[in-house]
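Step one of this worksheet: look at the structure below.
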Amino acid sequence: MTETIENLRDFNYYPFSTNINSKYVLAEYIWIDGTGEKLRSKTKVYLNPIKNLDDLEWWTYDGSSTDQAVTRFSEIYLKPVCMVKDPFRGDPHLLVLCETYLPDKKTPARYNFRWLSNLIMEKAKEHKPWFGIEQEYFLFKRTGTTHLWPLGWPNGGFPYPQGRYYCSIGERNNFGRALAEAHLRACLNAGLKIAGLNAEVAPSQWEFQIGIAEGIEIGDHMWLARYILERIGEEFGIDINYDPKPIQGDWNGSGAHCNYSTQTTRSEGGYKYIVNNLMPILEKQHKDMIKLYGINNQLRLTGKHETGRYDSFSWGDGSRGCSIRVPIITKEQGQGYFEDRRPAANIDPYLVSAALVDVTCLNSEHLTQLLQVFETSQKPLQA
């Protein structure tokens with residue numbers, strides 16, 4: 001890379017777990033904050049082995065500092081819901097994803113959508129919903145004290161047009177491979193269901209894929225993969241950007257395409273079921289579902305740059321210019337999955353996966369509730 005990256009470490013060999021007595025377990029509690037897009041974390045030291053979630057205590061934090069509570073009533077509870085190996089500290093240390101609750105331990109805190117997603121997944125578990133999400137993102141670096149600009153781009157300027165960067169190799173084409181590779185290895189080390197990575201269409205834009213994951217697991221593993229990516233970004237001095245359209249003009253935006261199937265679509269006749277049953281349902285609910293598919297997503301879904309339009313629904317066999325792409329292999333085999341190309345990079349995966357399952361398996365029973373809890377979280381806190 002032509003750019004010098006400060007604080008670069010060799011993530012293939014860095015000895016993260018040295019000098020920590022093995023009798024301690026460091027549990028990194030992780031949660032979604034009051035932006036709905038950012039993560040926070042803090043460390044709890046345990047003197048006893050942690051074998052399962054029941055061994056982890058509920059904990060608290062200052063919600064007034066994360067835009068989830070007011071100062072006079074600021075305690076928010078952390079409920080551990082998913083734990084994996086900590087790839088930074090090594091065994092026996094853990095990354096612990098948490099749900100957030102108000103002091104009554106029953107009322108979900110702002111931007112906690114996992115509880116509702118889990119309820120939907122449990123109701124539809126006989127359908128065995130499988131997901132694979134393609135998370136796109138940009139790598140940004142500082143060009144001064146405040147200005148951020150994509151890695152490898154001329155300071156305040158623009159590189160060669162798109163075309164040479166997708167799945168690229170070579171110093172002139174590929175920017176940030178070391179960080180993307182470090183992320184892949186760290187996620188595998190943690191035990192996450194990460195399926196791969198590739199350089200994307202715009203320079204310094206990348207993608208990783210989580211899946212195949214069933215039910216609530218897709219949201220858990222996606223948020224943990226994002227946490228690991230942000231942590232590695234710290235070491236490289238690189239900011240991870242999930243904006244749907246971070247650079248205006250003739251540059252691709254960033255999405256989180258959601259590959260989805262059920263036991264019915266994966267069975268004989270699944271392709272016809274997708275086309276004849278699910279596409280009409282998804283078209284009918286498009287205007288509501290799109291509200292859950294990322295803030296400012298209308299800037300990305302223009303009908304250009306491999307997208308459908310924000311205000312209309314479309315689908316096609318093998319088409320990347322539609323709302324929904326039905327892969328050619330699904331048509332050829334008569335069964336399989338489809339790709340919802342509408343979600344933006346900044347989605348909450350709990351919302352998107354829950355909406356897809358609710359609309360396609362539960363007759364949209366909870367769609368209004370999903371919209372309500374999302375809209376409520378967006379409202380300013382009442383003092």
Side-chain angles (χ1 to χ4, degrees), residues 7 9-35 37-69 71 73-112 114-115 118 182-183 185-194 216-217 219-237 240 350:
N7 304 321
R9 291 178 176 175
D10 188 337
F11 272 76
N12 294 338
Y13 304 105
Y14 188 76
F16 293 109
S17 58
T18 55
N19 301 320
I20 300 177
N21 191 312
S22 60
K23 76 176 183 180
Y24 300 109
V25 176
L26 307 184
E28 193 70 17
Y29 279 53
I30 302 163
W31 69 95
I32 302 162
D33 72 8
T35 66
E37 296 182 9
K38 298 296 183 182
L39 291 163
R40 309 282 181 123
S41 75
K42 63 177 184 174
T43 305
K44 188 173 184 64
V45 178
Y46 284 90
L47 298 179
N48 53 288
I50 304 297
K51 300 298 183 183
N52 52 59
L53 284 173
D54 291 337
D55 296 329
L56 294 164
E57 301 172 355
W58 286 48
W59 205 11
T60 61
Y61 65 94
D62 173 17
S64 68
S65 296
T66 64
D67 200 25
Q68 290 170 293
T71 304
F73 201 57
S74 63
E75 290 290 285
I76 300 289
Y77 270 100
L78 291 167
K79 175 187 176 182
V81 293
C82 180
M83 67 180 191
V84 298
K85 176 183 174 182
D86 187 333
F88 304 105
R89 290 166 170 155
D91 284 329
H93 313 295
L94 301 167
L95 301 182
V96 180
L97 186 65
C98 300
E99 288 187 28
T100 53
Y101 285 89
L102 299 186
D104 62 7
K105 287 189 172 184
K106 296 178 181 178
T107 305
R110 196 179 192 194
Y111 286 101
N112 172 10
R114 187 186 184 278
W115 67 274
N118 195 42
H183 176 246
R185 297 187 183 204
C187 286
L188 290 171
N189 181 271
L192 296 182
K193 289 185 175 179
I194 188 167
I216 198 67
E217 188 178 54
D220 291 346
H221 283 224
M222 178 58 74
W223 276 115
L224 286 167
R226 285 174 172 176
Y227 175 83
I228 291 171
L229 185 60
E230 293 275 0
R231 283 283 305 274
I232 292 176
E234 289 179 16
E235 300 294 338
F236 281 72
I240 310 301
Y350 293 130

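What you see is a predicted model, and the numbers here were worked out from it, not measured in a lab.
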Measure the spacing between CZ of Arg114 and CD of Glu99 and express it to the nearest 0.5 Å.
-> 5.0 Å
Side-chain touch Tyr227/Glu28, heavy atoms, less than 4.5 angstrom = yes
Start with the C-alpha gap between Leu94 and Val84, add the side-chain angles, then the distance that decides, and say whether side-chain contact (heavy atoms from CB on, under 4.5 Å) holds.
-> CA-CA 6 Å; Leu94 301 167; Val84 298; over 6 Å; no
For residues Asn52 and Asp55, determine if any side-chain heavy atom of one lies less than 4.5 Å from a side-chain heavy atom of the other.
-> yes
Contacts of type side chain to side chain donor-acceptor pair (under 3.5 Å), residue Asp33, not counting sequence neighbours | Thr35, Arg40
So CG of Leu95 and CG of Asp86: to nearest 0.5 Å the spacing works out to 4.0 Å
More than 12 heavy atoms from other groups under 6.0 Å of OH on Tyr101 | yes
Atom pair CG/NZ of Asp220 and Lys193 - distance to nearest 0.5 Å | 11.0 Å
Here the pair of heavy atoms bringing Ser74 nearest to Asp62 is CB-OD1, 3.4 Å
Rounded to the nearest 0.5 Å, what separation is found between the SG atom of Cys98 and the OH atom of Tyr77?
-> 13.5 Å
Nearest non-hydrogen partners of Pro80 and Val96, listed with the distance | CB-CG1, 3.6 Å
Nearest heavy-atom approach of Leu47 to Tyr24 is CD2-CE2, 3.1 Å
Got a second to check how far Cys82's SG is from Leu97's CG, nearest 0.5 Å?
-> 6.0 Å
Evaluate the criterion side-chain contact (heavy atoms from CB on, under 4.5 Å) for residue pair Thr66 and Trp31; output intermediate values, then yes/no.
-> CA-CA 10 Å; Thr66 64; Trp31 69 95; 4.2 Å; yes
Over all atoms of both residues, closest heavy-atom pair of Ile76 and Ala69 | CD1-CB, 4.1 Å
Distance-minimising heavy-atom pair for Ile228 and Pro87 | CD1-CG, 4.0 Å
Any luck finding a side-chain donor-acceptor pair between Tyr61 and Gln68 under 3.5 Å?
-> yes
Report yes if the side chains of Met83 and Ile50 come closer than 4.5 Å at any heavy-atom pair, otherwise no.
-> yes
Would you check if the side chain of His93 reaches a backbone N or O of Leu26 as a donor-acceptor pair within less than 3.5 Å?
-> yes
What is the distance from atom SG of Cys187 to atom CG of Leu229, rounded to the nearest 0.5 Å?
-> 7.5 Å
Without swapping roles, check the side chain of His183 against the backbone of Gly233 for a donor-acceptor pair under 3.5 Å.
-> no
Are Phe73 and Leu102 close enough, and set up right, to give a side-chain contact (heavy atoms from CB on, under 4.5 Å), and what steps lead you there?
-> CA-CA 9 Å; Phe73 201 57; Leu102 299 186; 5.7 Å; no
Sequence neighbours excluded, which residues qualify as side-chain contact (heavy atoms from CB on, under 4.5 Å) partners of Leu188?
-> Leu184, Ile194
Which atom pair, heavy atoms only, marks the closest approach of Tyr111 to Ile32?
-> O-CG2, 4.2 Å
Do Arg89 and Thr43 have side-chain heavy atoms sitting under 4.5 Å apart?
-> yes
Check ring pair (Phe, Tyr, Trp, His ring centres under 6.0 Å) between Trp115 and all other residues, then give those that pass, not counting sequence neighbours.
-> none
So Tyr29 and Leu56, side-chain contact (heavy atoms from CB on, under 4.5 Å) or not? Walk me through it.
-> CA-CA 10 Å; Tyr29 279 53; Leu56 294 164; 3.9 Å; yes
NZ/Lys106: more than 12 non-hydrogen atoms of other groups inside 6.0 Å | no
